[in-house]
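In what follows, chains carry the letters A, B, and so on, assigned in the order in which the sequence lines appear, proteins first and then strands, with residues in each chain numbered from 1. Since this is a predicted model, take the numbers as computed values, not measurements.
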2 protein chains.
Amino acid sequence: MTTPNPYRAKCATRVVLDRVADKWAVLILGLLKDGPVRFNQLRREIEGISQKMLSQTLKNLERDGLVQRTAYPTVPVTVEYALTPLGRTLTDTFDALRQWAEIHIGEVVAAQRRYDEVA
Amino acid sequence: MTTPNPYRAKCATRVVLDRVADKWAVLILGLLKDGPVRFNQLRREIEGISQKMLSQTLKNLERDGLVQRTAYPTVPVTVEYALTPLGRTLTDTFDALRQWAEIHIGEVVAAQRRYDEVA
DNA sequence: CAGTATCCTTTATGATACTG
DNA sequence: CAGTATCATAAAGGATACTG
């Protein structure tokens with residue numbers, strides 16, 4: 001197997017990077033890091049996500065082995081999403097990403113204003 | 001100002017996170033971390049990126065204050081892109097993200113195979 | 001070289017309605 | 001509750017041609 005290298009178009013890491021460098025994925029995994037969360041709970045906590053996007057993103061994360069879906073046979077059904085061990089290996093990086101956004105948002109907005117002023 | 005919180009739909013950090021949680025941005029900043037790189041050099045090194053996407057992503061990164069564009073009045077013109085100090089604050093996190101993809105690609109692909117087998 | 005402009009196709013996403 | 005299915009629309013992206 002060739003060395004993984006996201007700069008090559010056909011390298012699988014490129015695909016994974018694309019999946020993982022995703023706004024919703026970062027937000028969802030951030031909510032799961034403290035324990036399992038149910039579908040509608042995620043929906044409530046992530047403002048602005050549609051049911052479709054949440055469902056789709058969760059399915060992709062499950063397929064990639066980052067999230068474990070568990071359905072309990074209650075009536076109506078209860079479904080919990082939790083991080084897998086593999087998913088947990090991403091939490092630090094994703095935390096860093098969210099924190100970066102929170103810490104540097106002021107600088108970014110200031111830069112945007114400067115940029116837009118000139119143009 | 002309210003506390004930055006990407007889980008709120010109208011929070012500016014959500015927008016920044018979206019910009020920064022981007023495949024092309026991660027790849028571009030990765031190439032810039034060792035020094036300025038020219039437009040077509042980036043194009044060659046990032047397989048599969050179109051001129052349009054490169055141009056667009058660079059413009060966004062410049063607007064956000066992460067990248068500095070410098071044009072030299074040669075004929076034809078020479079343009080260099082370099083990280084700003086703000087952009088440099090992202091390199092560790094982005095390195096981590098690319099490395100995660102490279103390290104865990106095997107596990108992800110295996111998980112995908114298991115998932116697809118059942119379905 | 002380093003783009004921009006335009007057209008066109010493909011994807012992504014949202015809204016709505018429905019189901020076990 | 002936790003989804004899926006369908007339709008409609010907006011946004012993303014590629015190909016091509018052109019320019020200082």
Side-chain angles (χ1 to χ4, degrees), chain A residues 6 9-10 14-28 31-32 35-64 67-82 115-116 118-119, chain B residues 6 9-10 14-28 31-32 35-64 67-82 115-116 118-119:
Chain A
K10 285 169 192 156
R14 172 79 71 88
V15 179
V16 173
L17 188 63
D18 196 25
R19 173 73 42 80
V20 140
D22 173 73
K23 173 177 58 169
W24 299 130
V26 172
L27 294 175
I28 289 172
L31 288 176
L32 297 186
V37 183
R38 292 167 61 176
F39 185 86
N40 279 320
Q41 183 64 27
L42 288 170
R43 191 138 109 93
R44 274 188 300 273
E45 298 207 40
I46 305 173
E47 257 186 32
I49 195 170
S50 67
Q51 190 169 33
K52 182 176 178 177
M53 286 314 295
L54 179 56
S55 172
Q56 207 170 94
T57 307
L58 283 170
K59 206 183 290 185
N60 283 331
L61 292 173
E62 192 196 352
R63 177 169 184 265
D64 290 347
V67 157
Q68 166 82 46
R69 178 185 182 277
T70 310
Y72 299 97
T74 54
V75 182
V77 65
T78 302
V79 178
E80 275 187 353
Y81 290 91
Y115 185 94
D116 294 342
V118 180
Chain B
K10 285 168 193 157
R14 172 79 70 89
V15 179
V16 174
L17 188 64
D18 197 24
R19 174 74 40 82
V20 141
D22 173 74
K23 172 178 57 167
W24 298 129
V26 171
L27 294 175
I28 290 172
L31 288 176
L32 297 186
V37 183
R38 292 168 62 177
F39 186 86
N40 280 320
Q41 184 64 29
L42 289 170
R43 192 138 109 90
R44 275 187 298 272
E45 297 208 38
I46 306 174
E47 256 185 32
I49 194 168
S50 66
Q51 191 168 32
K52 181 177 178 178
M53 285 314 295
L54 179 56
S55 172
Q56 206 171 93
T57 307
L58 282 170
K59 205 183 290 184
N60 283 330
L61 291 174
E62 192 196 352
R63 178 169 183 264
D64 289 348
V67 158
Q68 165 83 47
R69 177 186 184 277
T70 311
Y72 299 96
T74 54
V75 181
V77 64
T78 302
V79 178
E80 276 187 353
Y81 290 92
Y115 185 94
D116 294 343
V118 180

Which listed nucleotide (C/dG20, C/dG3, C/dT4) is nearest to the side chain of A/Val77?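 Of C/dG20, C/dG3, C/dT4, C/dG20 is nearest to the side chain of A/Val77.
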Quick check for you: among D/dA2, C/dC1, C/dG3, whose closest atom lies nearest to any side-chain atom of B/Ser55?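 Nearest to the side-chain atoms of B/Ser55, counting from C-beta on, is C/dG3.
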Check B/Ala21 against A/Lys23 and note the closest heavy-atom contact, atom names and distance.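 That would be CB-N, 4.0 Å.
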Given Watson-Crick or G-U pairs with both distances under 3.5 Å, what dot-bracket string fits DNA chain D, with | for other-strand pairs and [ ] for crossing? ||||||||||||||||||||
B/Leu42 vs B/Ile49 side-chain heavy atoms within contact, under 4.5 Å: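 Sidechains of B/Ile49 and B/Leu42: no contact.
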Just to verify, what does A/Thr78 make a side-chain contact (heavy atoms from CB on, under 4.5 Å) with, not counting sequence neighbours?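 A/Thr78 satisfies side-chain contact (heavy atoms from CB on, under 4.5 Å) with A/Arg38, A/Tyr72, A/Thr74 only.
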side-chain contact (heavy atoms from CB on, under 4.5 Å) with B/Val79: which residues, sequence neighbours excluded?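 Here the qualifying residues are B/Arg69, B/Ala71, B/Val77, B/Tyr81.
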Letter per nucleotide, 5' to 3', of nucleotides 8-18 of chain C [B base touched, S only sugar-phosphate touched, - untouched; heavy atoms, 4.0 Å]: -----BBB---
Would B/Ile28 and B/Leu54 count as a side-chain contact (heavy atoms from CB on, under 4.5 Å) here? Give the steps. CA-CA 9 Å; B/Ile28 290 172; B/Leu54 179 56; 3.7 Å; yes
Which residue pairs pass the salt bridge (charged side-chain N to carboxylate O under 4.0 Å, His left out) test when at least one of the two sits in residues 50-64 of chain A, sequence neighbours left out?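 Passing the test, one end in residues 50-64 of chain A: A/Arg19-A/Asp64, A/Arg63-B/Asp116.
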If I take atom [atom1] in residue [X] and atom [atom2] in nucleotide [N], what distance separates them, rounded to the nearest angstrom?
X: B/Tyr81; N: C/dA2; atom1: OH; atom2: P; result: 8 Å
X: A/Leu54; N: D/dG3; atom1: CG; atom2: P; result: 8 Å
X: A/Gln41; N: D/dC1; atom1: CD; atom2: P; result: 11 Å
X: B/Asn60; N: C/dG3; atom1: CG; atom2: C1'; result: 15 Å
X: A/Glu62; N: D/dT4; atom1: CD; atom2: C1'; result: 15 Å
X: B/Lys23; N: D/dA12; atom1: NZ; atom2: P; result: 14 Å
X: B/Leu58; N: C/dA2; atom1: CG; atom2: C1'; result: 11 Å
X: A/Asn40; N: D/dA2; atom1: CG; atom2: C1'; result: 6 Å

Output all residues satisfying salt bridge (charged side-chain N to carboxylate O under 4.0 Å, His left out) with B/Arg43, sequence neighbours left out; order by chain, then residue number.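 Counting only residues at least two positions away or on another chain, B/Arg43 forms no salt bridge (charged side-chain N to carboxylate O under 4.0 Å, His left out).
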Counting only side-chain nitrogens and oxygens, does B/Arg43 get under 4.0 Å of the OP1 or OP2 atom of C/dG3?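 Checking B/Arg43 against C/dG3: no side-chain N or O falls below 4.0 Å of OP1 or OP2.
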Kindly say if B/Lys59 contacts the phosphate of C/dT4, meaning a side-chain N or O under 4.0 Å from OP1 or OP2.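 For B/Lys59, the contact criterion (side-chain N or O under 4.0 Å from OP1 or OP2 of C/dT4) is met.
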Distance, nearest 0.5 Å, that separates CD of B/Gln41 from CG of B/Leu31: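 CG of B/Leu31 is found 8.5 Å from CD of B/Gln41.
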Between the side chain of B/Thr57 and the main-chain N/O of B/Met53, is any donor-acceptor distance below 3.5 Å?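 Checked: pair present.
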